Amino acid sequence: MVLADFFQWLQTPGLTHFLLISGILFSLGVFAILTRRNAIMVLMGIELVLNAANINFLAFSRFTTGTLDGHVFAIFVIILAAAEAAIALAIILNIFQNFNSVNIDEINQLKD
Amino acid sequence: MDLYTIAFYLFAVITLVSASIVVFSKNIIYSAFALLFAFFGVAGLYVLLMADFIAVTQLMIYVGGILVLVLFGVMLTTRVINVDMRTGTIQTLPAVLIVAALAGTLVGVFWTTDWRIMPAFPGFEKTAPRIGELLLTSYLLPFEIASVVLLVALVGAAMIARREKKAS
Amino acid sequence: MSHETILQLAVVVYLLPLLGFVILIFFNKRLPRQGDLIETAIVFLGLILSSVIFAVKIGAYQNETIQGTFTWVSFGNVPGFGPMVMTLGIMIDNLAATMLLVVYIVSAFVHLFSIGYMRGDVRYGRYFAYLGVFTFSMLGIVLTNNFFMMYVSWELVGLSSYLLIGHWFEKKSASDAAKKAFIVNRVGDVGMFIGILILYTTFHTFTFETIFESLKAGVIPFGSETWLTAAGILVFCGAVGKSAQFPLHVWLPDAMEGPTPVSALIHAATMVAAGVYLIARTFPMMTADALMVIAVIGAITAFIAATIAITQNDIKKVLAYSTISQLGYMVMGLGVGAFTAGFFHLTTHAMFKAGLFLGSGSVIHAMHHALHHSGDHKTDAQDIRNMGGLKAKMPLTFWTFVMFTLAISGVPFTSGFLSKDEILAGTLAYANLTGRWYIPIVAFFVAGLTAFYMFRVVILTFLGDHKDLHRYDAIHESPKTMTIPLIVFAILSFFAFFSLNPFNAASGWVYSALPRPESVVPANVAAAGIEEFEASVHQTHVLAMVLSLSMAGLGILMAFLTYYWKKIDADLIAAKTGPLYRFLLNKWKFDELYDATAVAGTIGISKLGRWFDNRIVDGVVNGVGSWTKGLTLGTKRNWVETGISAIFYMIVTAGVSLYVGWVVGFGLMPAEATLGAIVGYVVLGIAVAGFTFFLFYVGVGGFDNSIVDGLVNATAYLAGFLGLLTRRLQTGKVQTYLAFAILGVMILFLWFR
């Protein structure tokens, strides 16, 4: 692709732009999930991943199907994210009470 | 560059920069607050995708609900007095490799796939009523199940987080 | 007042008792006086509003049906069915408006009465909450415009009756009675449910009006009039259960275990009225055959219950059977086509039967206190043989009770006379048209019996002398909260509220507001038309009045002769007609019959199922197991110890070996062999058979030991090795697993790209 074409491409945001944003957001989220020790940080990473997925749903809904089904799925994702956050934080609080730590690498008793 | 493009890049930058801060910051408090801006930026992208209802929902539930929960979690599980707000990382090198591969794969796939884009976009007018219609017709069962899931999550969260009475 | 205003009022009126229920069920412990005043005030507010609705509807919109509907849920286009839309709504026609007022009057005064009657009860607040939900459920039945809400409310009525009958659930008899009421009702409800399904499959709607319109346009279920009749009878099954018709009437007398005001509510306004109301609602779709079934069931019920009522000694039981009998009357009235008369009787009966129950409650209350006062815990406070002479002590209760008794007996100038007379005229007209004379004969006989047993109660309870003077002194009139409802109901039992002419109900508002609806069934299966029926009623009216008056008079006279003047010795008659008397005293042995058939049958089926499971299913499994076990042991040559199955195995093995030898030996033998060759082949066959036997018997054991066991061991070893290998990967860290998962996903990505 010629550079001019690339600049032209940059100036007209379309489906690919949104998908790329969501892909980068997704990767960032996965990175947080994989590397952080703090369980709450892992949770934040999960939220980023879910948001990335939502961007995809809405982008496809806007650019390819033209129906609102993607929106409905986005709502379900948000619903599940809310439920998941509540449960996860409850579990984290419980872990904190039992281990006095939320670092997930220290909580490996299931291994033995 | 029209306004739409400017807005798009503005929100994209907000989102990605904030998300990077969330991921790379050593201080969990910074991460939590950066998450707020990341959510906000994503909501902006939703607006650009003509999803007004979802954008508002995003603001209300993520910013208003989940983020507050996360902050509570941070406050309740971090020893503020010990200034132990820093959180370490583990197995960074393999993770960097994996994530780089993942990002490469995703970008490659997004870039190379020939998406079937609608030639003419009819436009979404008033998404909320139509989403409501879909929820109560085609997606009635998932909708009901989601309500049950929320209820179970509510009860379960309360039960799990409840402080056990010390057995005397 | 516009249609919208009336509908909004109706919704408010509908939801008010639910509000009371919600408040009371959650907060009754924290409210002053456990919230009884709140609930009562709510119901009285509802009474006022429903009076307004009634007045406006009957006064200004008499010929219009006010409906408000909304789409509750739409499933879209369901394959194989078409558009599936459920529409709910409220319908106020004259029937609903009248019933609404009746329900509220009775409910409101029952609430008031309960304040006095239930004072100091263990679950006082909860009792009022349940009264609220009972009223709410009944209103659902009254106000709905479709079968769906009708069925939901129907079941809610069942539930709330269960809760109220079992209010004193510590008593085994009370909890049993609650369960019985619930289960017996369920039997009828199943029929009703099937009936509703038939209608829904045909018409794709639950709404009464739409169904009737389609019927009128000639659409009938499955294109067959028999199905229409069946649908009608099945829907009627629900009424049989709720309105305690034969053969499902057995729950109602037992329901007397609930508090007395609850009995009044159940008997007058809510539960049993629901069945009659249902018949009235679905009246247009009933075919002549279905109506005949309804009429006959009603007549049988009226007769059975009246005969039982004569012999009962518990004051509430007598009233219970009189209710069943009167319900039979109403159902019979509707069945013979006297629509207005049947529903009219429901209205008048609601007033005087509520009064009778509350009056009996007042008496029981007084007796209970007196017994308590004298430290007597053995005497039954509800047995009329322990009462007598209460007239002087409880004048208000007595005079109101007499008023109700006159009404139920059908004495002129009471409301009961008006409605009963119309039903009787209707039965005569029906017999005149169809030749089924047994229905009016039963009806008139029951009219006499009713007068007899009701006056028996009055005489034994209030007149004569009291047997225990000490107890008698302790009896006193009930408090005002209990006597005011009695007075109100007594006033409402006068004729003037229903028709200004005490001898002709047809001139009153009931007949002009509630004419018999047009039948919508095909003409060839419809009952006699309205004009024809009216003409017949006109002919028989005077005859019916004379006959009913003489029957009532005869019944009253007999009661006085027997129990007041003692000219006839009741005990002697009872002794002389021993078997019949015991048969009636034991309620026609219905409970015993059901215990022996339905209950025992259910238990029998369960036992059969258990036996089948234990013996046949388990037996087959165990048999196969022991056979296989024997086989295995056989191969290890332990067959001596293992008995039959090993021997069996040996025989089978020998047989198979011989067959193999036979096939080999004779199969190879050429067609024209010499004797020597034949012997040779036979020897070969025997050798092959022996070898096969050896293989099976010895070889299988060896095969099992070396090859099979070896394979198993090798698999186990491999699994163990793999386990050791993969254990390295099991770091126990979630993040490691996640990394693997992501790697896997990426491999999939690249694979399918």
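All figures in this text were calculated on a predicted structure; none of them were measured in a lab. Letters A, B, ... are given to chains in the order of the sequence lines, protein chains preceding strands, and every chain is numbered from 1.
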- Message: Testing the 3.5 Å rule here: is there a donor-acceptor pair between the side chains of B/D2 and A/Q11?
- Response: no
- Is the closest side-chain donor-acceptor distance between A/D69 and A/T67 under 3.5 Å? yes
- Not counting sequence neighbours, list each pair that qualifies as a ring pair (Phe, Tyr, Trp, His ring centres under 6.0 Å) and has a residue in residues 29-53 of chain B. B/F39-B/Y62
With a 4.5 angstrom heavy-atom cut-off, could you sort out which part of [X] is near chain A: side chain, backbone, both or neither?
X	answer
B/A100	neither
B/I98	side chain
B/T105	neither
B/F8	side chain
B/L16	both
B/A38	side chain
B/L69	both

For chain A, which candidate among [options] shows the most heavy-atom pairs at distances under 4.5 Å?
options	answer
B/I66, B/L106, B/L35, B/L102	B/I66
B/V99, B/L154, B/T113	B/V99
B/S138, B/G65, B/P142, B/A12	B/P142
B/I54, B/L45, B/T15	B/I54

Do [X] and [Y] have side chains that get closer than 4.5 Å, going by heavy atoms?
X	Y	value
A/F63	A/L19	no
B/V47	B/D52	no
A/E84	A/E47	yes
A/L50	A/N54	no

Top residue by heavy-atom pair count (under 4.5 Å) with chain B, among [options]?
options	result
A/V30, A/L20, A/I92	A/L20
A/I78, A/I24, A/T65	A/I78
A/I91, A/I79, A/V72, A/L93	A/V72
A/G29, A/G14, A/A74, A/A81	A/A81
A/L43, A/L48, A/L28, A/N51	A/N51

- How are the rings of A/H17 and B/Y9 set relative to one another: parallel (under 30°), tilted (30 to 60°) or perpendicular (over 60°)? perpendicular
- Message: Treating B/S25 as the side-chain partner and B/V22 as the backbone partner, does any N or O pair qualify as donor plus acceptor under 3.5 Å?
- Response: no
- For the pair A/S27 (side chain) and A/G23 (backbone), establish whether a donor and an acceptor sit closer than 3.5 Å, ignoring hydrogens and angles. yes
- Message: Could you walk me through whether B/F72 and A/L89 satisfy the side-chain contact (heavy atoms from CB on, under 4.5 Å) test, starting with their C-alpha distance in whole Å, then the side-chain angles of each, then the deciding distance to 0.1 Å, before giving a yes or no?
- Response: CA-CA 9 Å; B/F72 263 104; A/L89 282 165; over 6 Å; no
Which atoms of [X] are under 4.5 Å from chain B, going by heavy atoms: the side chain, the backbone, both sets, or neither?
X	result
A/I21	both
A/F76	side chain
A/A88	neither
A/T64	both

- Item | Closest heavy-atom pair and its distance - B/A157, A/A90 | O-CB, 3.5 Å
